[in-house]
There are 2 protein chains.
Amino acid sequence: MPASALDDIDLRLLRVVAADGRATLARLAAESGLSVSAVQARIKRLEARGAITGYRAVVDPDVVGVPLSAFIEITPLDPAQPDNAPELLEHLPQIEACHSIAGQAAYMLFVRVASPRDLEALIRDIRQAAAVNTRTTVVLQTFFENRAAVPR
Amino acid sequence: MPASALDDIDLRLLRVVAADGRATLARLAAESGLSVSAVQARIKRLEARGAITGYRAVVDPDVVGVPLSAFIEITPLDPAQPDNAPELLEHLPQIEACHSIAGQAAYMLFVRVASPRDLEALIRDIRQAAAVNTRTTVVLQTFFENRAAVPR
DNA sequence: GTTGAAACCGTACGGGC
DNA sequence: GCCCGTACGGTTTCAAC
């Protein structure tokens, strides 16, 4: 796949659409100085190239019943075994993110659950599904998250 | 602020729109069995109630030049001082999320930067801005993230 | 990239349950 | 209260340039 670099207008469009996924082509055109059609062609290119991987509504976790979140670091019980923890854990919808990390643990998960009781059950499920030890850090308060990551 | 609970249709709409922030009212109507007007009224209610806090395009960090991410735990140097680290750090755009946490550290940050060099500079900025110690865990690979968090 | 025209969509309003 | 149908203006789409 080719990789003609993003120019300033692309970055500008990405910044706007990252902040407002429903921005109209007309607004994007106004903010970039291009015509509506030119903007549309660029957006389609950005989607095709994988620069834009999707669009989502941001949902308040509290309102939909998952007010408790936590970081869970996991480490395989047997380092000799093949390690495919991400695949083994993918089916658990409470796991919002899964990163492999440098440091003592092998992976860092970010999870959302309804209650401490559900967190306990989830940790049990994770340990069992992936044969890992866990180290859980409960989130007390979230000051901000989901901030758009398109550098100026 | 009232809080009439979300019914099954609301949750269904949230699930669809969380996965596809550009889903049309027509599609939401088809998937929920309601008319376009009814769906529109519900979406507006969900936005007004704060169940939907916004819409965004998901941008590939690699493509926009921030391929390196990390978790940074921070702890105030002087526990006696008033602790307003989140406000002191808000101006740093590389910080994508800031949570206060239970455990040894006070806050967990998630950051994105272009290079190890930039990570070093960011850590220095954080220490200086908020008068904190830091403990950084570099992300080696992200298997998944941004998974929609609307429970079934 | 641009223009323009047609199809589609979001919105407001009227009405019925 | 919640829902449906319709009409209008804005938006997306795609051809031709």
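Each chain gets a letter, A, B and so on, in the order its sequence line appears, and its residues count up from 1. As the structure is a computational prediction, the values presented were derived from the model and not from experiment.
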Rounded to the nearest angstrom, tell me the gap between atom [atom1] in [X] and atom [atom2] in [N].
X	N	atom1	atom2	answer
L46(B)	dC2(D)	CG	P	12 Å
R42(A)	dT13(D)	CZ	P	17 Å
L34(B)	dG5(D)	CG	C1'	14 Å
E47(A)	dT12(D)	CD	P	12 Å
L28(B)	dC4(D)	CG	C1'	17 Å

- Could one point to a donor on the side chain of S37(A) or the base of dT3(C) with an acceptor on the other under 3.5 Å away? yes
Can you tell me if [X] touches the phosphate of [N], counting only side-chain N or O atoms and a distance under 4.0 Å to OP1 or OP2?
X	N	answer
K44(B)	dA12(C)	yes
Q40(B)	dT11(C)	yes
R27(A)	dG10(D)	no

- Does the pair R45(B)/D10(B) count as a salt bridge with the N-to-O cut at 4.0 Å? yes
- Backbone N or O of A85(B) within a donor-acceptor pair of the D83(B) side chain at under 3.5 Å? yes
- Query: Can you check whether V58(A)'s main-chain N or O pairs, donor with acceptor, with T53(B)'s side chain at less than 3.5 Å?
  - Reply: yes
- Query: Between residues 13-25 of chain A and DNA chain D, which residues have a heavy-atom gap below 4.0 Å?
  - Reply: T24(A), L25(A)
- Query: Between L46(B) and V17(B), is any pair of side-chain heavy atoms under 4.5 Å apart?
  - Reply: no
- Message: Using the side-chain heavy atoms of V36(A), tell me which of these nucleotides is nearest: dT13(D), dT2(C), dC4(D).
- Response: dT13(D)
- Query: Side chains of T134(B) and R127(B): do they bring a donor and an acceptor to under 3.5 Å?
  - Reply: yes
- Task: Using the six-membered ring wherever Trp is involved, compare the ring planes of H99(B) and F71(A) and label them parallel, tilted or perpendicular (cut-offs 30° and 60°).
- Result: perpendicular
